[in-house]
There are 2 protein chains.
Amino acid sequence: MLSSRLEDYLETIYLLSKREDTVGVTEVARERGVAVPTVRSAIVKLQEAGMVRQQHYGKIILTPKGKETGASIYGVHKILYHFLAEILLIDPKRAETEACRLEHDLSRGTLNRLTAFLKTINNCVDSELGCLSKYRDLVLK
Amino acid sequence: MLSSRLEDYLETIYLLSKREDTVGVTEVARERGVAVPTVRSAIVKLQEAGMVRQQHYGKIILTPKGKETGASIYGVHKILYHFLAEILLIDPKRAETEACRLEHDLSRGTLNRLTAFLKTINNCVDSELGCLSKYRDLVLK
DNA sequence: CGAATAAGTAAGAGTGACCTTACATTACAA
DNA sequence: TTGTAATGTAAGGTCACTCTTACTTATTCG
């Protein structure tokens, strides 16, 4: 089982490797606002967990398992972000950082419920007569 | 600024002192499922933060500041619990533990939004034609 | 090519949260 | 009132996560 931090690092690597073909320790460190050696030891642990591979002085590569896990973690993130930013109408930047923190504390089951809930809610938002219009008016002043 | 753990201990002390007039280290430890000396060092830090007082071999007493902070933390907890248990319809026990974990990662602003949102949602739930009936049917099978 | 710069690694220390084991104090009851 | 059980404290160890400082390997460009 990965710790929250390791999940964070894995997610970051996952996202970085979607937009660039090689991912280095320094890049991850910059992204997460942390010193390079900190990432380093995280990589060692992720390697032990079979999530990434890395040769000496080489780039970080996700294993299939790592890719899958990263995608799943990011999936949770997206759902939370959607709830915070599009339903609660929280400032995107803040929503982003809070989703990051919350994503580790939500069980699978709760997440499924939240997903179903959001599906329903979205219908409410779409229909002009939806019960959420009041909330939106309130928040948007 | 208190760490998540210190917040947890403070909240526990707050709740315990609402139902019993004296709170001891052992009681807190039992409540949180942790060894007594662990609570001990937490108490030292809460004391430094001006949240509790305790004489040598004496009982733990909340300062006014501690009482206020504890109440506030518990308030967050209650809102989250309400959302999880009564809106998402998650099993009470699970809702309880997840609220505990989530409560430290929610900003004040987000919490306010959530509160407003829940108010609106409750109206939806009350009216039989509310947009949430679909969700409830789904979840309750 | 080879020196300068960038990137990665090693070593070691600090902090917070937890534990166990051993010791001190208090409470209570025989 | 004194000895035992309950409670509280001290000491010291582990683990995860972070840092800095110093060293090694790659890359690049003059």
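To find a chain, count down the sequence lines: A is the first, B the second, and so on, and within it residues start at 1.
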At 4.0 Å (heavy atoms only), tell me whether [X] reaches a base, stays on the sugar-phosphate, or touches nothing.
X       : result
B:Ser3  : sugar-phosphate
A:Thr26 : sugar-phosphate
B:Val36 : base
A:Gln54 : sugar-phosphate

With side chains defined as the heavy atoms from C-beta onward, is the minimum distance between [X] and [Y] less than 4.5 Å?
X        : Y        : value
B:Glu7   : B:Glu103 : no
A:Leu114 : A:Leu80  : yes
B:Val28  : B:Ile43  : no

Expressed as a whole number of angstroms, how long is the span from [X]:[atom1] to [N]:[atom2]?
X       : N      : atom1 : atom2 : answer
A:Ile60 : D:dA26 : CD1   : C1'   : 16 Å
A:Glu20 : C:dA7  : CD    : P     : 12 Å
B:Ile43 : D:dT7  : CD1   : P     : 16 Å
A:Glu27 : D:dA26 : CD    : C1'   : 16 Å
B:Glu48 : C:dT15 : CD    : P     : 13 Å
A:Leu2  : D:dA16 : CG    : P     : 12 Å
B:Asp8  : C:dC18 : CG    : C1'   : 14 Å
B:Gln55 : C:dA24 : CD    : C1'   : 17 Å

Is the phosphate of [N] approached by [X] (side-chain N or O, under 4.0 Å from OP1 or OP2)?
X       : N      : result
B:Tyr9  : C:dC18 : yes
A:Arg40 : C:dT9  : yes
A:Lys59 : C:dA7  : no
B:Arg5  : C:dC18 : yes

Revision key, fill the gap. From the list B:Val52, B:Ile60, B:Thr38, side-chain contact (heavy atoms from CB on, under 4.5 Å) with B:Tyr9 holds only for B:Thr38
Among [options], which nucleotide has an atom closest to any side-chain atom of [X]?
X       : options                : result
A:Lys45 : D:dT18, D:dC17, C:dC19 : D:dC17
A:Ala35 : C:dC19, D:dC19, D:dA16 : D:dC19
A:Leu6  : D:dC17, C:dT20, C:dG8  : D:dC17

**Study point:** Base of D:dT24 paired with side chain of A:Tyr57 (donor-acceptor, under 3.5 Å)
**Key:**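 Answer yes: a donor N or O sits under 3.5 Å from an acceptor.
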Practice item. Would you name the heavy atoms of B:Arg101 and A:Leu106 that are closest together and state the gap between them? Key: NH2-N, 4.2 Å
